Amino acid sequence: MDPSAPDAQQWLRDELAKAPYQAAQPTWFDRLSQAILDWFSSLTFGGDGSNGWIPLIATVIGIALLVAAILVFGLPRRARRRKSAAGLFTTDDRRTADQLRTSAAAAASAGDWTLASEEAFRAIAQGLAERTVLRPTPGTTAHSVAELAAAAFPDERARLRSGANVFESVRYLGGTGTEQGYTDLVALDADLRAARPRAVTPVAP
């Protein structure tokens with residue numbers, strides 16, 4: 001006997017209420033995902049509309065990557081400050097002043113005034129350390145070296161500060177070294193080596 005229309009509808013509702021059919025129903029996440037996809041599909045930026053939402057997706061991805069890069073690496077200026085805090089010397093750089101001078105001269109011969117200037121200032125600091133005028137350590141900054149050296153050589157305070165500025169510029173701030181900057185550092189190094197320091201207690205910067 002064929003069921004009446006109300007009976008057939010009830011039977012269908014009862015059948016669909018069973019667990020296998022309910023498990024096949026889309027979840028709230030499925031519905032949300034589909035709604036988002038439908039929204040993207042509805043956005044057009046010209047053309048036939050079939051892929052007009054692609055520029056928006058690319059923009060969103062680009063912004064997300066930019067934010068991630070800032071979170072990981074920080075803003076450029078903050079990154080430069082962190083790098084500057086690393087100091088003048090590193091734990092694995094155990095070269096003598098003469099070795100640093102040789103490295104600076106080699107860089108100058110190759111026309112690399114940036115590296116030459118950097119090495120020349122390091123040679124000044126290491127030379128002062130070897131004379132126990134100061135005790136630079138990992139983390140020592142160029143300006144700390146200049147100020148402490150100026151206590152022993154007060155007449156050279158301005159040149160020491162200028163040399164520290166050159167070092168900071170080429171080492172941390174993206175500056176380009178010059179032949180004049182290098183030769184000024186070499187001359188300062190020579191004058192400091194020839195001068196007798198004022199009696200001071202060696203200090204660790």
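Nothing here was measured: the structure is a model prediction, and the numbers come from that model.
- Residues Q180 and T183 have side chains in contact (heavy-atom distance under 4.5 Å, counting atoms from C-beta outward).
- Side chain of E119 to main chain of A107: no donor-acceptor pair is present (N/O by atom type, distance under 3.5 Å, no hydrogens or angles).
- The salt bridge (charged side-chain N to carboxylate O under 4.0 Å, His left out) pairs that include a residue from residues 174-186 number zero, where partners must be two or more places apart or lie in different chains.
- Here the CG atom belonging to L160 is positioned 8.5 Å from the CZ atom belonging to F153, to the nearest 0.5 angstrom.
- When atom types are taken as modelled, the side chain of S109 and the backbone of A105 share a donor-acceptor pair closer than 3.5 angstrom.
- The two residues A108 and A116 come nearest to each other via the heavy atoms N-CB, 3.7 Å.
- Under the salt bridge (charged side-chain N to carboxylate O under 4.0 Å, His left out) criterion, the residue pairs touching residues 99-110 are D98-R101, R101-D189, with sequence neighbours excluded.
- The minimum heavy-atom distance linking A120 with L185 is given by the pair CB-CB, 3.9 Å.
- Heavy-atom minimum distance, A195 versus R131: O-NH2, 2.8 Å.
- Listed by chain and number, the hydrophobic cluster partners of W113 are Y182, V186, where partners are ILVMFWY side chains within reach of under 4.5 Å, directly or through others.
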Stepwise, does the side-chain contact (heavy atoms from CB on, under 4.5 Å) test hold for R95 with Q126?
CA-CA 8 Å; R95 291 174 293 173; Q126 183 59 29; over 6 Å; no
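- Scanning both residues, T178 and G181, for their nearest heavy atoms gives OG1-N, 3.0 Å.
- F121 is connected to Y172 through a chain of hydrophobic side-chain contacts under 4.5 Å among Ile, Leu, Val, Met, Phe, Trp and Tyr, so both are in one cluster.
- Closest approach of S117 to G177, counting heavy atoms only: OG-CA, 4.3 Å.
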Given F167 and R122, is the side-chain contact (heavy atoms from CB on, under 4.5 Å) satisfied, shown in steps?
CA-CA 9 Å; F167 179 87; R122 279 201 173 99; 4.1 Å; yes
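- The side chain to side chain contact (heavy atoms under 4.5 Å, CB included) test with I124 is passed by exactly one of L100, V145, L188: L188.
- The two residues A151 and P154 have their closest heavy-atom pair at O-CD, 4.1 Å.
- Taken from NE2 in H143 to CG in N165, the straight-line distance is 4.5 Å, to the nearest 0.5 Å.
- One hydrophobic cluster, built from ILVMFWY side chains closer than 4.5 Å, holds both L148 and L128.
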